[in-house]
Amino acid sequence: DADPALRARYEAENVQLEQMAMSQDLSRQSNMIYTIPVVVHVVWRTTAQNISDQQILSQIDALNEDFARLNADTTNTPAGFQSVASATPFRFCLAQTDPSGNATNGIERRNTTTTSFSTNDNVKRYANGGLDPWDVNRYLNIWVCNMGGGILGYGELPTSGASATYGLVIAYNAFGRVGSGLLSAYNMGRTTVHEISHCFRLSHIWADDGGTCTGTDYCSDTPNQGAENYGCPTFPHYDNCSPSPGNGVQFMNYMDYTDDGCMYMFSAGQASRVNATFASGGPRNSFAQP
Ligand code: ARG
Ligand code: ZN
Ligand code: CA
């Protein structure tokens, strides 16, 4: 979320979507499962960056577990957060048909001369050393590449009338959960879970408000939080926005910055927010069409 113009469009549409989320017929919504066709664009220079099909499939598996709350580590959820921990209605598959209607395995590769990519979206453009997106209204585009500056990934927030760059970018060493090059703190595929959640309209749980406790992630069931957490805090973890006593902050939420091994839940408020993104009237409703 590096583009200010897109950010402004997103903020303007946000109010309207909040109202929609609240007025949705929740009983009808709860039966709807969205299966999202994914295309993975692997843009590599060294052979280590040319990750295997197996590593890519391991990421799809991780998405299907985490978004459905079928991940094994849900058992770590503290009692105080169990009632708000929630599954979401998303399933993911590699695309089986490309934009021209031909059969595909949903994986595209390019040997580039670019040493590393930043958050400037060059990886999303063939002319700039990357690979062009597939129709952003029908495919979730994921680019995997070498990222500079210790960045693990970034994802674009949704606006109605999808931007040409809609999708997410993930570092090759933080993508999937099998592969010898994976960073040990980020080897469970959760960078991709986090960035997809931005694409589906989730904010950081600390609301990026500089520790003032005045911002919101628009979810009442994620406690107010001062700043991002790293590593692996112990429950309960308190800060200036959620002081003792109580549950403290929800550092085990996918929308914090903790290690992959220590984040394992979405809240019910987050689930209804992402649901509204794909429901009738939402900015990504194009994915609901058969
Ligand atoms: N955009 C964040 C970064 O680059 C991603 C953090 C993901 N965290 C994780 N545990 N996988 O730092
Ligand atoms: Zn983020
Ligand atoms: Ca909150």
Side-chain angles (χ1 to χ4, degrees), residues 1-4 6-15 17-18 21 63 66-67 77-78 81 84-86 88 90 118-119 142 147 149-159 166-171 174 185-186 188-233 235-243 247-277 283-284:
D1 126 67
D3 181 338
L6 276 179
R7 159 62 73 169
R9 236 167 89 196
Y10 166 82
E11 292 299 347
E13 287 164 9
N14 202 30
V15 177
L17 275 157
E18 275 323 300
L63 294 175
D66 289 355
F67 277 87
T77 310
F81 287 135
V84 302
S86 180
T88 78
F90 297 98
S118 68
T119 55
I142 303 181
M147 296 218 68
I151 297 165
L152 301 170
Y154 66 101
E156 194 173 287
L157 293 163
T159 52
Y166 180 71
L168 58 145
V169 182
I170 306 290
Y186 305 109
M188 292 174 70
R190 284 169 173 169
T191 302
T192 307
V193 172
H194 177 106
E195 304 306 343
I196 286 180
S197 300
H198 283 313
C199 292
F200 289 5
R201 213 164 64 96
L202 293 191
S203 304
H204 291 139
I205 48 169
W206 69 96
D208 302 289
D209 63 0
T212 55
C213 312
T214 53
T216 180
D217 65 348
Y218 309 98
C219 295
S220 57
D221 54 6
T222 58
N224 204 345
Q225 182 171 320
E228 68 274 34
N229 293 294
Y230 292 95
C232 202
F235 179 86
H237 180 70
Y238 301 112
D239 72 9
N240 62 312
C241 302
S242 285
N247 290 323
V249 297
Q250 208 171 85
F251 63 83
M252 70 299 294
N253 192 290
Y254 296 120
M255 298 318 283
D256 204 334
Y257 271 181
T258 39
D259 287 352
D260 278 16
C262 301
M263 50 164 60
Y264 40 76
M265 67 172 280
F266 289 111
S267 76
Q270 289 175 323
S272 94
R273 202 170 155 76
V274 292
N275 199 39
T277 302
R284 288 291 82 81

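Keep in mind that this is a model prediction, so the values were computed, not measured. All values below come from the heavy atoms of this structure, side chains included, with hydrogens, waters and symmetry mates left out.
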Is there a side-chain contact between [X] and [Y], using heavy atoms and a 4.5 Å cut-off?
{"X": "L6", "Y": "Y10", "result": "no"}
{"X": "P283", "Y": "L17", "result": "yes"}
{"X": "R273", "Y": "D217", "result": "no"}
{"X": "M255", "Y": "C219", "result": "no"}
{"X": "L168", "Y": "E156", "result": "no"}
{"X": "L157", "Y": "R7", "result": "yes"}
{"X": "T258", "Y": "P233", "result": "yes"}
{"X": "D239", "Y": "Q225", "result": "yes"}

Is it the case that the side chain of [X] and the backbone of [Y] share a donor-acceptor pair, with hydrogens and angles ignored and the cut-off at 3.5 Å?
{"X": "Q250", "Y": "D221", "value": "yes"}
{"X": "D256", "Y": "N229", "value": "yes"}
{"X": "R284", "Y": "T159", "value": "yes"}

Can you give me the closest heavy-atom contact between [X] and [Y], atom names plus distance?
{"X": "T216", "Y": "A207", "value": "N-CB, 3.4 Å"}
{"X": "T77", "Y": "A85", "value": "CG2-CB, 4.3 Å"}
{"X": "Q270", "Y": "N253", "value": "OE1-ND2, 2.9 Å"}
{"X": "T277", "Y": "P158", "value": "CG2-CG, 4.1 Å"}
{"X": "A174", "Y": "L152", "value": "CB-CD2, 4.1 Å"}
{"X": "F266", "Y": "T88", "value": "CD1-CG2, 3.7 Å"}

Step by step, work out the side-chain contact (heavy atoms from CB on, under 4.5 Å) result for D208 and S203. CA-CA 9 Å; D208 302 289; S203 304; 5.6 Å; no
Return the [atom1] to [atom2] distance between [X] and [Y], rounded to the nearest 0.5 Å.
{"X": "I205", "Y": "C241", "atom1": "CD1", "atom2": "SG", "result": "11.0 Å"}
{"X": "I196", "Y": "L202", "atom1": "CD1", "atom2": "CG", "result": "11.5 Å"}
{"X": "R190", "Y": "D259", "atom1": "CZ", "atom2": "CG", "result": "11.0 Å"}
{"X": "H194", "Y": "D260", "atom1": "NE2", "atom2": "CG", "result": "11.0 Å"}
{"X": "I170", "Y": "T191", "atom1": "CD1", "atom2": "OG1", "result": "6.0 Å"}
{"X": "D66", "Y": "M188", "atom1": "CG", "atom2": "CE", "result": "7.5 Å"}

Students often mix this up, so state it plainly: with edges at 30° and 60°, are the rings of [X] and [Y] parallel, tilted or perpendicular?
{"X": "F90", "Y": "F200", "value": "tilted"}
{"X": "F235", "Y": "F81", "value": "perpendicular"}
{"X": "F251", "Y": "H237", "value": "perpendicular"}

Under 6.0 Å from the six-membered ring centre of Y218 and within 45° of its axis: does the NZ or CZ of R201 meet both? no
May I ask you to check whether H198 and Y154 place their ring centers less than 6.0 Å from one another? no
Where do M265 and V84 land on the side-chain contact (heavy atoms from CB on, under 4.5 Å) test, with the steps shown first? CA-CA 9 Å; M265 67 172 280; V84 302; 4.1 Å; yes
